[in-house]
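To start, the structure itself, in structure tokens.
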Amino acid sequence: LSALTSTGSSCAARFTERPPQRTPAERHLTALPVHDSFTAADGDNLNELLQYLSASSGECLPSPDVCLANPADCGPIFSCTLEDRLLRTIGNQHQREQMYARQFNSSMAASSCNPAVSRPPASVFHHSRCLLQHLGFFNADKIKTFRLLNKNDKLRRELKHLDSRPYRETHKIGVVYVAPGQDDKRTILCNTKGSAAFEAFVSAMSWEVDLSTHPGFMGGLQRNAATGATAPYFATSAMEAVFHVSTRMPTVEETGIINKLRHIGNDEVQIIWSEHDRDWRRDIIRTEFGDVMIVLYPMKNGLCRVQILTKPDSKLPHFGPLFDGAVVD
């Protein structure tokens with residue numbers, strides 16, 4: 001800064017000063033300057049290179065009579081007077097900063113930081129009170145809503161199994177495959193595999209999980225392969241869904257059919273993939289819990305016709321985006 005703020009030379013002198021240069025004949029402008037050819041008498045090596053480019057490559061010149069080694073014009077905006085004023089301002093600011101640092105040198109030193117001393121809580125409910133305080137339950141408008149729990153066996157049992165309860169919304173959805181020409185419950189539930197279109201539909205809305213090692217929601221399925229080795233599963237950060245697919249569950253005589261009907265019949269939502277020529281009837285698989293049946297009829301052009309069946313006495317609100325009679329891909 002002291003060099004910048006020196007006023008011994010003018011702005012024009014600063015722009016025009018150059019180290020001693022050799023004549024064009026001495027510089028050998030026809031040869032590219034390299035590191036080995038430079039000596040201490042050459043002066044500015046960059047200036048040598050710019051003069052060589054000006055002599056050998058005229059297309060690089062901003063103007064025919066302007067050498068690349070010439071200093072750039074600052075233009076009318078940045079004048080010599082403005083530059084001197086800027087340098088004086090920077091120098092004054094530097095001096096004021098040095099004076100301030102010398103005056104408050106001792107107080108500006110950083111002090112050592114010691115870790116906070118850990119103290120045991122004054123009460124066993126200290127952390128609980130902190131949690132309720134952070135959640136805003138100690139506000140004047142919410143503290144009146146607090147109710148003391150009745151400490152009994154039911155409360156102890158609920159607290160004991162609290163961690164085993166699912167923390168996300170869970171759903172069980174039944175999926176039934178109906179082959180062409182199948183009209184009765186037994187024949188439909190005895191299907192051990194579906195068509196290629198049915199399998200593609202199931203894999204598109206879920207992924208297969210191994211029930212023996214699955215850590216999430218099971219939907220009533222067992223880990224001992226009694227209800228199948230795998231099951232379609234879908235989950236988000238707020239929801240889990242298990243699909244009870246009729247073709248995934250084993251069929252062992254009448255017991256297998258009863259197990260399938262026990263799981264699928266208790267699902268509130270049932271998806272019927274019907275490749276039959278006639279429409280599906282609710283009385284084919286009677287159930288008291290199936291509030292909604294979504295029947296899909298695959299068409300030859302790759303689309304599916306949708307049929308929505310609900311209980312006659314059901315008071316379900318309107319839901320979507322599917323609706324009765326829709327044709328989807």
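The model shown is predicted, which means the values in this text are computed figures rather than measured ones.
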Give a yes-or-no answer on whether the side chains of [X] and [Y] include a donor-acceptor pair shorter than 3.5 Å.
X      : Y      : value
Thr81  : Asp84  : no
Thr230 : Glu208 : yes
Glu275 : Tyr297 : no

Report the distance from atom [atom1] of [X] to atom [atom2] of [Y], rounding to the nearest 0.5 Å.
X      : Y      : atom1 : atom2 : result
Arg119 : His126 : CZ    : NE2   : 11.5 Å
Ile264 : Leu189 : CD1   : CG    : 6.0 Å
Phe137 : Arg129 : CZ    : CZ    : 14.5 Å
Phe243 : His171 : CZ    : NE2   : 10.0 Å

Side chains of [X] and [Y] in contact at under 4.5 Å (non-hydrogen atoms):
X      : Y      : answer
Thr213 : Arg223 : no
Tyr177 : Ser195 : yes
Gln307 : Met293 : no
Phe323 : Val306 : no
Leu261 : Lys185 : yes
Ser246 : Val176 : yes
Leu296 : Ile294 : yes
Phe198 : Val245 : yes

Please determine whether a side-chain nitrogen of the Lys or Arg among [X] and [Y] lies less than 4.0 Å from a carboxylate oxygen of the Asp or Glu.
X      : Y      : value
Arg281 : Asp183 : no
Arg186 : Asp184 : no
Glu240 : Lys172 : no

Side-chain heavy atoms nearer than 4.5 Å, only ILVMFWY residues, links allowed to pass through others: does that put [X] and [Y] together?
X      : Y      : answer
Val328 : Met205 : yes
Val178 : Leu303 : no
Leu316 : Ile272 : no
Ile308 : Val269 : yes
Leu131 : Phe125 : no

Determine yes or no for a side-chain-to-main-chain donor-acceptor pair under 3.5 angstrom, with [X] supplying the side chain and [Y] the backbone.
X      : Y      : result
His244 : Gly219 : yes
Asn191 : Ile188 : yes
Thr310 : Val292 : no
His263 : Asn266 : no

**OP:** Check whether more than 12 heavy atoms from other residues, nucleotides or ligands sit under 6.0 Å from atom CG of Asp329, and answer yes or no.
**Re:** no
**OP:** Evaluate salt bridge (Lys or Arg N to Asp or Glu O under 4.0 Å) for Asp279 paired with Arg305, printing each intermediate quantity in order.
**Re:** CA-CA 11 Å; Asp279 287 355; Arg305 179 171 63 90; 2.9 Å; yes
Subject >> Evaluation steps, side chain to side chain contact (heavy atoms under 4.5 Å, CB included), between Tyr52 and Ser57 >> reply: CA-CA 8 Å; Tyr52 167 76; Ser57 303; over 6 Å; no
**OP:** Using the six-membered ring wherever Trp is involved, compare the ring planes of Trp207 and Tyr233 and label them parallel, tilted or perpendicular (cut-offs 30° and 60°).
**Re:** perpendicular
**OP:** Determine, stepwise, if the pair Arg88 / Glu83 fulfils salt bridge (Lys or Arg N to Asp or Glu O under 4.0 Å).
**Re:** CA-CA 9 Å; Arg88 286 195 299 270; Glu83 182 188 15; over 6 Å; no
**OP:** Assess whether side chain to side chain donor-acceptor pair (under 3.5 Å) is satisfied between Ser63 and Asp65, documenting all intermediate values.
**Re:** CA-CA 6 Å; Ser63 298; Asp65 55 344; 4.7 Å; no
Subject >> Residue pair Trp280, Leu309: steps toward the side chain to side chain contact (heavy atoms under 4.5 Å, CB included) verdict >> reply: CA-CA 9 Å; Trp280 176 263; Leu309 301 177; 3.9 Å; yes
Original post:
Taking it one step at a time, do Gln270 and Ile173 satisfy side chain to side chain contact (heavy atoms under 4.5 Å, CB included)?
Top reply: CA-CA 6 Å; Gln270 299 170 1; Ile173 302 174; over 6 Å; no
Original post:
Can you name the one residue among Gln93, His94, Gln95 that meets side chain to side chain donor-acceptor pair (under 3.5 Å) with Glu97?
Top reply: Gln93
